[in-house]
Amino acid sequence: MPPAFSEGLNEAQRNAVEQLEGPVLMLAGAGTGKTKALTTRLAHLLYSGRAAPGQLLAVTFTNKAAREMKERVAELLGRPSVEGWWLGTFHALAARILRREAEAVGLKSNFTILDSDDQLRLLKQVMQAENIDEKAWPPRALMSIIERWKDRALTPDRVSSEDSSEFAGGRAPTLYALYQRRLKELNACDFGDLLMHCVSLFQNNEEVLRRYQEQFRYLLVDEYQDTNIAQYLWLRLLAQKHRNICCVGDDDQSIYGWRGAEVGNILRFEQDFPGAHIVRLERNYRSTPNILGAASGLISHNAGRLGKTLWTDGDQGEPVRVRGLWDGEAEARFVGDEIEALQTKGHALSEIAILVRTGAQTREFEERFVTLGLPYRVVGGPRFYERMEIRDALAYLRLLVSMDNDLAFERICNKPKRGLGEAALKTLHEVARAGGLSLFDAARRLTETDELRPQARRALKSFIGLFDKWRDDMLQMPHPELAETVLEESGYTDMWRQDKSIEAPGRLENLKELIDALAEFETLAGFLEHVSLVMDNLEDTSQDQVSVMTLHAAKGLEFETVFLPGWEEGLFPNQRALDEQALKGLEEERRLAYVGLTRAKVRAIVSFAANRRLYGSWAAAIPSRFIDELPEEHKVQESDQGLYGASAQAWGGGRFGGFDDWGETRVSPGMMRARERASDKVIDVQAQSVEKLSPNTAGYAPKARVFHRKFGYGTVDMVDGDRLTIRFDHGGEKKVMASFVVPADEAD
DNA sequence: CCGGGGTCCATTTTT
DNA sequence: TGGACCCCGG
């Protein structure tokens, strides 16, 4: 290996780079320089001549990861790019194979790839045709059942009815089969199909499989802990010949079980690939010992791990701060203040992130940041190619490229309104079905008969006329110009120009952007393939902004300062995860907490609120068990007295140390209503004396009558240390911290 | 065909 | 609480 490659690699990384033959599992803990090892390995394979670019298969989950890898390998090799290799997402690579072998699975090579929106619409149609009550059986639920089947590479003939007998009286498998048939008729694939079809292709077609097995001498897989069964089968089939497969992953960062990922894949690696070399990357280059210690202590509560001991040298750094606050609003205020303080000290906002469990949590922070005038961005959210206007524009272009794209036809035939409503579409469908025609051809035929009302017929005629003209234009017009013409002449742009809603200007802006993006591609078809598979947003990193995102979205990122709010039982670990998956769910939640903590380079601040507004009503919250699981020596409790029960004594300090959060608490309308509901008696929060709320960690016994500021009067049911289960007179049973209640006779 | 109002529901998400 | 979705009336 040239010294330029091995330079700066530690021993484990060098091992991972040099062990080229045979199966290798690279267990790469958070922040251990995984990408570096991985890209160097690729560069090494190419540079040493062991593999030509076309003989390498390198797979990632996201386009972003693929892009990064490409850039870094090219950089190592000192050339602008590497041509002809197979580096991409599972889906993009599977699509590439499938385009070549389409006939073998009953598709034409120009099949369209449906996004989840199209998928759902199609599923709805199938359900309607089967007279299934959409209210009782939401199409979304069926979609997710089918997706889980596809994750396991289960074709309709291989699913058993008991797999989902609860859905529509056991009809899910039938609906699945019908849906698949519809897809074939439309010459279309959904995302799950790309892999599933590929697996079927390999399983049923030895010659094809052998060809690809021969071709790919070296396989490399990133984020192996996130692979599902279909992806696993796909890889295993491809790797069988040369057995040079290197999988990189971290079982502790497996957080996508709910969407079909199987941690089992990584846990089983040695059995699947006997003689595998296991390389552990355990030296962490990202976080301080305190952060690492906190994260390691937390994750050690999970069973069935492959086990790694992350270490780092250097200064201990700051312990993880744990802060309790009165409610979500106070929490947002706290985070805002902390950020402003950091900013004053010269810290860049781009090095600060707030990582939440659920998307809804971002709102409180946004509101606070707007008030403070603090620049922030919410990562995630609707993506460019998912916006309505973009999807419409794409449908025009898709229909233009393939006139038999019925889904595209349906989407835009009445956008803008041309009087081709439901009635006309119904007739079109009938004619199409009867004659085995595409909707477009059916439309052409209908312009020559009297089956439609004259008005609709005229509309159809001009609609077709437009497409005929554009197809002529296509022959000599550069495609960005063509796209512009289409959007103009169809009246689509005008539709938004005339729209006076606030979003309209933004939509027009997006359409312009689409045309610009189009110009970067050689052909229209090439562009359309790109948008089907590469639907990610390019993020704007030019501005100094605080990032707000979910824990899931944060995987793979790092920040100097990380805020981890909402560490409360029920929210995090999330109740639903616990209900649906019990211990498995809890462990995945814990891994999520681990991912969150390990994003921090210098400081991590965990917080929780004692009261959280959930679905419009107030709920008492108790601190997350994950807080208890952070080792004492790596954390510091600085919660307001009484808010954190478990170690209220441990941190001592002034009696009412951080009580300003209570003093500041304003009575919001929602709180007011909640209190009225709870006790019929309005108590002035401001007047409530601090003494009355002094910590009461013990002294309550079952049947004691107590009073709570938000929930009113109640009777103690159970006592668990300082956590009480109280049956409130109004509002049912709740768990609250003892310090939040006072004996009923002491309440005024 | 539009919009008002009622109802229902509420993780995590990439491709 | 608030958003998405559906139904019905104009």
Side-chain angles (χ1 to χ4, degrees), chain A residues 59-66 88-95 113-120 124 134-135 138-141 143-144 147 150-151 189-196 223 226-228 230-231 254-261 328 355-364 379-383 385-386 414-423 499 501 529-537 549-556 566 570-581 585 588-589 591-593 595-596 612-619 668-671 673-674:
Chain A
V59 201
T60 64
F61 270 87
T62 64
N63 293 301
K64 192 176 157 208
T89 63
F90 276 102
H91 292 90
L93 296 171
I113 299 167
L114 303 193
D115 60 33
S116 40
D117 218 82
D118 298 326
Q119 204 183 333
L120 191 64
K124 275 185 190 163
E134 283 190 33
K135 288 227 186 65
R140 274 183 188 286
M143 181 155 104
S144 107
E147 276 173 351
K150 293 187 176 181
D151 287 341
C189 263
D190 63 24
F191 286 117
D193 283 339
L194 292 173
L195 277 145
M196 190 175 74
E223 306 279 15
D226 287 334
T227 50
N228 61 33
Q231 289 157 341
S254 157
I255 54 173
Y256 285 109
W258 50 273
R259 71 177 196 210
L355 310 182
V356 294
R357 177 63 183 82
T358 71
Q361 285 171 264
T362 60
R363 223 176 103 189
E364 253 163 340
V379 179
R383 284 168 303 173
Y385 291 111
E386 273 168 8
N414 205 25
K415 261 187 185 194
K417 304 257 175 296
R418 334 183 141 84
L420 291 171
E422 221 173 303
D499 190 308
S501 66
E529 177 80 355
H530 170 83
V531 295
S532 297
L533 292 166
V534 189
M535 304 244 290
D536 60 349
N537 266 342
M549 68 188 100
T550 62
L551 287 157
H552 284 92
K555 197 165 77 149
L571 181 59
F572 191 39
N574 192 273
Q575 193 56 47
R576 256 184 98 153
L578 302 184
D579 292 346
E580 286 165 17
Q581 296 281 344
E588 186 155 306
E589 294 286 300
R591 290 193 290 267
L592 206 45
V595 166
R612 176 100 30 208
R613 205 143 86 181
L614 195 64
Y615 311 143
S617 54
W618 284 95
S668 68
M671 224 161 110
R673 272 193 298 272

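The model shown is predicted, which means the values in this text are computed figures rather than measured ones. A note on names: the letters A, B, ... follow the listed sequences, proteins ahead of strands, and every chain is numbered from 1.
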>> Please encode protein proximity along nucleotides 5-15 of chain B as a string of B, S and -, counting only heavy-atom distances under 4.0 Å.
In response: -----BBBBBB
>> If I pick the C1' atom on C:dC5 and the same atom on B:dT12, what distance separates them, to the nearest angstrom?
In response: 23 Å
>> Just to verify, what does A:Glu386 make a salt bridge (Lys or Arg N to Asp or Glu O under 4.0 Å) with, not counting sequence neighbours?
In response: A:Arg383
> Can you find a side-chain donor-acceptor pair between A:Gln119 and A:Asp115 that sits under 3.5 Å?
Replying inline: no
>> For A:Lys124, give me all partners under side chain to side chain donor-acceptor pair (under 3.5 Å), at least two apart in sequence or on another chain.
In response: none
>> What contact category does A:Asp579 fall into here, base, sugar-phosphate, or nothing, at under 4.0 angstrom with non-hydrogen atoms?
In response: nothing
>> Could you work out, with salt bridge (Lys or Arg N to Asp or Glu O under 4.0 Å) as the rule, every residue matching A:Arg259, not counting sequence neighbours?
In response: none
> With a 4.5 Å heavy-atom cut-off, do A:Trp258 and A:Gln581 have their side chains touching?
Replying inline: no
>> Can you tell me how the ring of A:Phe191 sits relative to the ring of A:His91, calling it parallel under 30°, perpendicular over 60° and tilted otherwise?
In response: perpendicular
>> Quick one, A:Asp226 with A:Lys555, criterion side chain to side chain contact (heavy atoms under 4.5 Å, CB included). Give me CA distance, side-chain angles, the key distance, then yes/no.
In response: CA-CA 12 Å; A:Asp226 287 334; A:Lys555 197 165 77 149; 2.5 Å; yes
>> Return a single string for nucleotides 2-10 of chain C, one symbol per nucleotide in 5' to 3' order, where B is base contact, S is sugar-phosphate-only contact and - is none, cutoff 4.0 angstrom on heavy atoms.
In response: S----S---
>> Run the side chain to side chain donor-acceptor pair (under 3.5 Å) test against A:Asn574 and tell me which residues pass, sequence neighbours left out.
In response: none
> If you measure from the C1' atom in B:dT14 to the same atom in C:dG3, how many Å do you get, rounded?
Replying inline: 24 Å
